[in-house]
Number of protein chains: 2
Amino acid sequence: MHGKLAHLSVPQLREACSQCNLRELCLPMGLSEHEMGQLDELVNLRRRILRGQHIYRSGDGFEAIFAIKTGFFKTDVLLEDGREQVTGFQMAGEILGLDGIGTERHTCNAVALEDSEVCVIPFSDLENYSREIGALQHHFHKVMSREIVRDHGVMMLLGIMRAEERLAAFLLNLSQRFTARGYSPTEFNLRMTRNEIGSYLGLKLETVSRAFSRFQDEGLITVHQKHIQILDVAGLKKLLTERRA
Amino acid sequence: MHGKLAHLSVPQLREACSQCNLRELCLPMGLSEHEMGQLDELVNLRRRILRGQHIYRSGDGFEAIFAIKTGFFKTDVLLEDGREQVTGFQMAGEILGLDGIGTERHTCNAVALEDSEVCVIPFSDLENYSREIGALQHHFHKVMSREIVRDHGVMMLLGIMRAEERLAAFLLNLSQRFTARGYSPTEFNLRMTRNEIGSYLGLKLETVSRAFSRFQDEGLITVHQKHIQILDVAGLKKLLTERRA
DNA sequence: GGTTTACGTTGACACAGATCAAAGCTGACC
DNA sequence: GGTCAGCTTTGATCTGTGTCAACGTAAACC
């Protein structure tokens with residue numbers, strides 16, 4: 001379990017967790033310098049995923065989880081009859097594959113929405129290192145727990161919000177995550193289609209499109225295809241708290 | 001961390017994990033006899049929760065997770081405007097409180113729907129024992145992962161299914177979980193109201209009630225208040241796979 | 001550089017489920 | 001054992017979103 005550092009080639013070292021600019025968002029969060037060095041041993045494989053390619057598919061055997069280094073993904077579940085439910089959109093620093101631990105098989109598909117790169121974290125190795133590095137163990141538990149809480153948020157979206165509330169919540173969530181990564185809170189390009197947004201939000205693509213148009217008419221945002229500019233953050237937030245019904 | 005067994009009183013021993021009839025469903029699943037003994041040290045506190053009482057509320061500090069020994073719970077999130085989203089119903093052998101790990105605070109409410117008893121599992125102790133007992137560590141990861149997968153199932157319910165499909169999926173899920181606990185797969189009492197079912201399924205209570213009545217008219221089930229008898233399991237399943245639209 | 005293809009917008013209309021309303025049932029409590 | 005409160009059922013009507021259809025837009029490809 002130790003001494004692997006010696007075998008790393010220079011390009012791999014350059015990409016080590018301890019050097020990664022996502023280390024305060026991703027798995028290494030909160031680790032000491034020494035512990036981060038141990039993590040470098042654990043995470044020594046990266047994979048490029050081109051736009052449209054899968055990291056894994058529902059039914060695939062589970063062996064590793066994946067940390068997104070660059071790029072953008074969606075996860076979805078497909079029903080036999082062709083219906084699709086997008087279960088999430090993931091960006092740099094977020095972890096993919098947690099669904100596979102319970103059954104040793106993945107239960108959803110993970111697809112790159114743009115050319116991406118992920119760090120491969122073999123799961124049994126992660127469990128081994130977790131036993132030695134308490135901070136890693138605890139942080140991993142936090143990551144899983146936050147995923148559960150995020151899912152509860154999606155349930156609220158789907159269960160009790162109306163179309164415009166759902167879309168406003170979606171935009172504000174993206175904005176907040178882009179901000180955390182040092183990008184503009186108010187201006188970004190959507191990586192997903194209207195259809196994918198709709199699937200995530202439990203709406204049809206026409207409804208998503210109409211809601212975008214309405215937000216634009218009301219001066220809350222501007223939309224040009226996939227380019228979004230938020231003009232009135234407070235206005236979007238008001239949509240969420242103000243209940244007219 | 002060792003030697004605590006000596007301090008256990010007789011009634012506590014009687015309730016130890018190693019003696020619990022839920023041990024093959026609950027946290028001890030798959031542990032050796034020796035490991036189960038260690039778990040008995042970890043889980044030595046039980047709490048009675050009367051119908052209507054909370055184990056924890058949204059915002060409460062997080063210290064422990066809870067294994068349900070007997071009884072039935074719901075978890076929900078309340079919006080400021082009074083809207084409620086039920087995020088799950090939990091029964092014996094299932095774990096409550098995983099939502100609190102990520103932020104050190106609970107993010108939902110856990111309410112007993114009947115008089116219940118839970119085993120208190122102090123979370124930092126669980127992490128300590130997990131570092132020593134690999135099987136416990138791994139099983140705990142599986143529990144969290146399955147919760148994520150379950151949440152994806154709820155998203156599918158809410159995102160792409162119509163009212164009758166949602167209710168059929170709900171009944172089949174309850175049936176399957178009752179079966180796993182040795183109860184009848186086809187006859188049971190609902191512990192929750194129509195309103196709570198509706199909140200979970202993203203429907204209004206009237207819609208739930210109408211769907212029950214429709215199922216009864218079609219000979220799929222009988223309903224008398226909270227008592228449900230499933231007459232045609234295959235018929236309910238067909239509702240889920242057969243897509244007319 | 002013109003054509004193809006995928007994606008997006010907008011309008012007209014339909015419908016599943018929400019809302020509003022009234023009455024029935026059941027168990028708890030005095 | 002009668003009353004009360006909470007829950008459930010059912011009917012009538014309304015409405016937000018889905019569905020269907022036509023057209024627009026933009027990037028991709030020969």
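Residue numbering restarts at 1 for every chain, and letters A, B, ... go by the order of the sequence lines.
Residue Arg210(B) places a side-chain atom within donor-acceptor reach of the base of dT19(C), judged by atom type and a 3.5 Å distance cut-off alone. The base of dC7(C) is not paired with the side chain of Glu196(A) by any donor and acceptor separated by under 3.5 Å.
Annotation: Tyr183(A) is not in aromatic contact with Phe188(A) [ring centroid separation under 6.0 Å not met]. Between Tyr200(A) and Phe89(A), the ring centre distance stays below 6.0 Å.
If Met192(B) and Gly202(A) are placed on DNA chain D by their nearest nucleotide, the residue sitting closer to the 5' end is Met192(B). Comparing Val208(A) and Phe212(B) by the nucleotide of DNA chain D whose heavy atom lies nearest to each, the residue mapping closer to the 5' end is Phe212(B).
Rounded to whole Å, atom P of dC20(D) lies 13 Å from atom CG of Leu205(A). Taking atom CG on Leu239(A) and atom P on dG16(D), their separation rounds to 15 Å, with Å as the unit. Whole-Å rounding puts the Ile228(A) CD1 to dG8(C) P distance at 10 Å. Summarising the geometry, the separation between CD1 on Ile160(A) and C1' on dT19(C) is reported as 17 Å, rounded to the nearest angstrom. Atom pair Leu113(B):CG and dG6(D):P shows a separation of 17 Å (rounding to whole Å applied). Separating the NZ atom of Lys204(B) from the P atom of dC7(D) is a distance of 16 Å, rounded to the nearest angstrom. Arg83(B) has its CZ atom 14 Å from the P atom of dA18(C), to the nearest Å. Atom CZ in Arg191(A) sits roughly 18 Å away from atom C1' in dC7(C) (whole-Å rounding).
Looking at heavy-atom distances under 4.0 Å, Gly198(B) makes no contact with the nucleic acid at all. Within the nucleic acid shown, Glu206(B) comes within 4.0 Å of at least one base atom, counting heavy atoms only.
Of the candidates dT9(C), dG18(D), dG17(C), the closest approach to any side-chain atom of Ser209(A) belongs to dT9(C). With dG18(D), dC20(C), dG8(C) as the choices, the nucleotide that has an atom nearest any side-chain atom of Thr193(A) turns out to be dG8(C). For Ala163(A), taking side-chain heavy atoms from C-beta onward, the closest of the listed nucleotides dT17(D), dG18(D), dT8(D) is dT17(D). Taking the side chain of Gln225(A) as heavy atoms from C-beta on, and the options dT9(D), dG8(C), dG18(D), the nearest nucleotide is dG8(C). Among the nucleotides dA16(C), dA18(C), dT17(D), the one closest to any side-chain atom of Leu203(A) is dT17(D). Ranking dT26(C), dT9(C), dG8(C) by closeness to the Ser213(A) side chain, first place goes to dT9(C).
Listed pair Lys226(B) / dT26(C) fails the phosphate criterion, with no side-chain N or O lying under 4.0 Å from OP1 or OP2. A sub-4.0 Å separation between OP1 or OP2 of dT8(D) and a side-chain N or O of Arg194(B) is present.
Here the closest heavy-atom approach between residue Glu165(A) and residue Leu239(A) is recorded as CG-O, 3.6 Å.
Just one residue in the list Leu78(A), Val77(A), Asp60(A), Val86(A) forms a side-chain contact (heavy atoms from CB on, under 4.5 Å) with Asn109(A), and that residue is Leu78(A).
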(request) Assess whether salt bridge (Lys or Arg N to Asp or Glu O under 4.0 Å) is satisfied between Glu94(B) and Arg146(B), documenting all intermediate values. (result) CA-CA 11 Å; Glu94(B) 296 176 340; Arg146(B) 286 199 202 114; over 6 Å; no
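By the 4.5 Å heavy-atom criterion applied to side chains, Glu164(B) and Arg214(B) are counted as neighbours.
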